[in-house]
Amino acid sequence: MLMKEVLFKIIHLIFIFYSVSGEEQDEGERENELTYTTSIRALAELRDIENSYMKHLSNYVNSLQKKVKFLKKYLESLTRENIDSEKYVKNPLNIFGLVRRSHEDWPKINAYIRSNDSFKDDLNEMHNYFNRTPNSQDMEEALWGMHRIESIYDLQAWDMANGVISTHKLPSQMSATDCLAVANFMYNQSEFRRAAQWYRIALHFIQKEKNGMAAEFYGPKREDLKKMFVISRLQEGSIDDLPSYLDELSQKPDIPLTYLKPKPLPTPLQIGCRGEYPNQSRLVCRYNTTTTPFMRIAPLKEEEISKDPLIWLYHDVLFDSEMALLTKNLTREEMIQGYTNNQTTPDKGYRIFQVKVYEGDGGKLDRTLVNRMTDISGLDVGNHTYLARANYGLGTHFQEHSDYVDLRENPDLGSEGDRLFTFLFYASDVEMGGATIFPAANISIKPKKGSALFWYNLHNDWEPNPLSRHAVCPMVLGNRWILNKSMLSHRQIFLKLCYK
Ligand SMILES: *[C@@H]1O[C@H](CO)[C@@H](O)[C@H](O)[C@H]1NC(C)=O
Ligand SMILES: *[C@@H]1O[C@H](CO)[C@@H](O)[C@H](O)[C@H]1NC(C)=O
Ligand SMILES: *[C@@H]1O[C@H](CO)[C@@H](O)[C@H](O)[C@H]1NC(C)=O
Ligand SMILES: *[C@@H]1O[C@H](CO)[C@@H](O)[C@H](O)[C@H]1NC(C)=O
Ligand SMILES: *[C@@H]1O[C@H](CO)[C@@H](O)[C@H](O)[C@H]1NC(C)=O
Ligand SMILES: *[C@@H]1O[C@H](CO)[C@@H](O)[C@H](O)[C@H]1NC(C)=O
Ligand SMILES: *[C@@H]1O[C@H](CO)[C@@H](O)[C@H](O)[C@H]1NC(C)=O
Ligand SMILES: *[C@@H]1O[C@H](CO)[C@@H](O)[C@H](O)[C@H]1NC(C)=O
Ligand SMILES: *[C@@H]1O[C@H](CO)[C@@H](O)[C@H](O)[C@H]1NC(C)=O
């Protein structure tokens, strides 16, 4: 491989670390790390597993029921004549039955009770699924996902627990144990007001829980939940106000708790994700047929989103058949965990989505798409495809980051220049969440199936443009599939026009 190509590749990889090997797990025998929470694709597989689990559990329950039914009948036949023992054995038929039963029946009954032929396979299968269940890190990510959904979109815990997400009413509800897990997590994160709300909801749900799971296995006594509620309140409040906290505890859980500490002001990112940026002045839309000869045949529906940073949104640039191929054909096994890294993101490596990158040539479809990018932008997109397809999961997001690495600070990273532009194709609609936002520029773009976002990360003088820093809002409802590609600057020196 040429040195240039190696460098190109390295630059490409620094934006997302690919962990193929997976981290060390303390959970023993797992062959390879399975992560579900960070991608809807993977979560669908987990649901498939649960469906199989339920099938086997149901078989097992049916077998047990048959057994219990038989044993009950047997028991009834024995207890029919419930009279004094001495009186009972005056009857020769009773005597003979007693001797024969205890000699002949009981060993059979005992063996029958112990036998597991009718459900052995089901139990084994159910046991095998344990190798494929989410690990504790996955569980923690799910908790973070719920945390983000609640805090970034400023939702009420009671609404969430009842499946009311903004204007959407979901046909589901959280269980008492779900709420308890979230409450404990919030408490651990020092989100004491939120924790208190979740404890109060758990308390409320536990009384009407149908499956009894909480009572049977988790055993939180109502007193414990009340205690945790009060402790959570006291973390931010004062012991003098204890009576008012006890009042709150007796209120219905749909009444939001007051802030004992000042309510934090929303960050620009939160404002953007909540769709509360000031309305943009006029947007420019037009059909563009000038870029390349191809465009004369298929004019582009082009929408100028912003001049600084320069952002364009192109409508209907992916065909349904292409999107079907891009998303449906990918199996979970083929996807790997995408991490942020601290070159471009302030915090430490954090899992975001699951991603598949075809390094080098990703095949016919990828080449078609890369050619289309050339047609759209008029820029040299290169003959390596290096297309990334990413799928987000439960409440997963991408913190604010830049796509450039800033060569002034990392000079050894870019013999071919910094990342000049980024193409982001939306291969699915998202019902709620998952917007691409540029917080410094007050810009928020909702994913729209088939459209593509294109922006410059560098100024005309090739210096990084901090306004191009962007983020992806936490996913809430739906399945976010994107396809992206960035290009280094040096190729474009003679192609890129200067924009005013
Ligand atoms: C079924 O019973 C046999 C004999 O008692 C025992 O060795 C085996 O572990 C049982 N299998 C299951 C799945 O319980
Ligand atoms: C809370 O933190 C403790 C100690 O760090 C940890 O053992 C526990 O698992 C955490 N619980 C949750 C729900 O995160
Ligand atoms: C932005 O525009 C929408 C519809 O055009 C309108 O409903 C909304 O009130 C506007 N928001 C602001 C802050 O002006
Ligand atoms: C998609 O999957 C089908 C069936 O598994 C296969 O025939 C086809 O080649 C795949 N397409 C791509 C682009 O991988
Ligand atoms: C970035 O990560 C590397 C290694 O993971 C670490 O050595 C370095 O201190 C981190 N930098 C920042 C700014 O966190
Ligand atoms: C068409 O798009 C290209 C590339 O984005 C741009 O340079 C050109 O100015 C556009 N033409 C029109 C008429 O908008
Ligand atoms: C990429 O383009 C270069 C020259 O422009 C050429 O030498 C090379 O073979 C091309 N590679 C592929 C995979 O098309
Ligand atoms: C973004 O919006 C805020 C008000 O919400 C305003 O103060 C700020 O100047 C805006 N920034 C830009 C770049 O438009
Ligand atoms: C994918 O898109 C995100 C923006 O959503 C960008 O930050 C990231 O660097 C891109 N990854 C690749 C491999 O292009």
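Along the sequence shown, the residues carry numbers beginning at 1. Remember, it's 1-based here, ligands and their atoms both numbered in the order they're listed.
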Centroid-centroid under 6.0 Å between F425 and F423 rings: yes
Contact check: N124 vs ligand 1, nitrogen or oxygen atoms, below 3.5 angstrom: no
Centroid-centroid distance, F398 to Y392, less than 6.0 Å: no
Polar side-chain atom of N391 near backbone of R480 as donor-acceptor pair, under 3.5 Å: yes
Between D308 and N465, a side-chain donor and acceptor under 3.5 Å: yes
Verify atom 14 (O) of ligand 8: protein non-hydrogen atom under 4.0 angstrom away: yes
Atoms in ligand 8 with a heavy atom of P278 nearer than 4.0 Å: 2 (O), 5 (O)
Identity and separation of the nearest protein heavy atom to atom 9 (O) of ligand 1: N116 ND2, 4.7 Å
Ring centre gap for F185 and W198 strictly below 6.0 Å: no
A440 to ligand 8, any heavy atom closer than 4.0 Å: yes
Contact bool for atom 11 (N) of ligand 1 (protein heavy atom, d < 4.0 Å): yes
Distance from atom 8 (C) of ligand 8 to nearest protein heavy atom, with residue and atom: N442 ND2, 3.7 Å
Heavy-atom protein contact below 4.0 Å for atom 4 (C) of ligand 1: no
Between N479 and S428, a side-chain donor and acceptor under 3.5 Å: no
